[in-house]
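Comments concern the structure below.
Basis for what follows: all heavy atoms, side chains included, without hydrogens, waters or symmetry-related copies. No experiment lies behind these values; they were computed from the predicted model shown. All residue numbers in this chain count up from 1 along the given sequence.
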Amino acid sequence: MTKRQKTGGRQKGTPNKATREIKEIAQAYTDTAIATLAFIAENGESEAARVSAANSILDRAYGKPRLALEHSGPDSQAIEVKGAGVSGLLAAALKDE
């Protein structure tokens, strides 16, 4: 059976009409939303609310921070790679568990 190529429709990554309309409506409230977050960051009743609001503002202003990952082998030693490829590394990792 041969796979048929899809034709027509939206191009990949293009939002549908409903999504686009909702996004446009939501964007009209950007100033209000940022002002509300700023108010909560400064005057929120709990520390958790203030931190959450401040993080939301920073995420929108500068983007979310990248997640740093550190990989190490047993006893925090460097992982030795000997051309095993991904499947070999996965098998080795599963063998050690």
Task: Smallest separation among heavy atoms of Ala53 and Ala41, with atom names - done: CB-N, 3.7 Å

- [ ] List the atom of Ile40, the atom of Ala49, and the distance in Å for their closest heavy-atom pair.
- [x] CG2-O, 3.6 Å

Open item on the list: Whether the side chain of Ser52 engages the backbone of Ala48 through a donor-acceptor N/O pair (distance < 3.5 Å, no angle test) should be reported.
Closed with: no

Nearest 0.5 Å, please: how far is [atom2] in [Y] from [atom1] in [X]?
{"X": "Ile34", "Y": "Arg60", "atom1": "CD1", "atom2": "CZ", "result": "6.5 Å"}
{"X": "Glu42", "Y": "Arg50", "atom1": "CD", "atom2": "CZ", "result": "11.0 Å"}
{"X": "Lys64", "Y": "Asn55", "atom1": "NZ", "atom2": "CG", "result": "9.5 Å"}

Open item on the list: Filter on side-chain hydrogen bond (donor to acceptor under 3.5 Å, both in side chains), then keep only pairs touching residues 16-38, sequence neighbours left out; what's left?
Closed with: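 Listed by first then second residue: Asn16-Thr19.
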
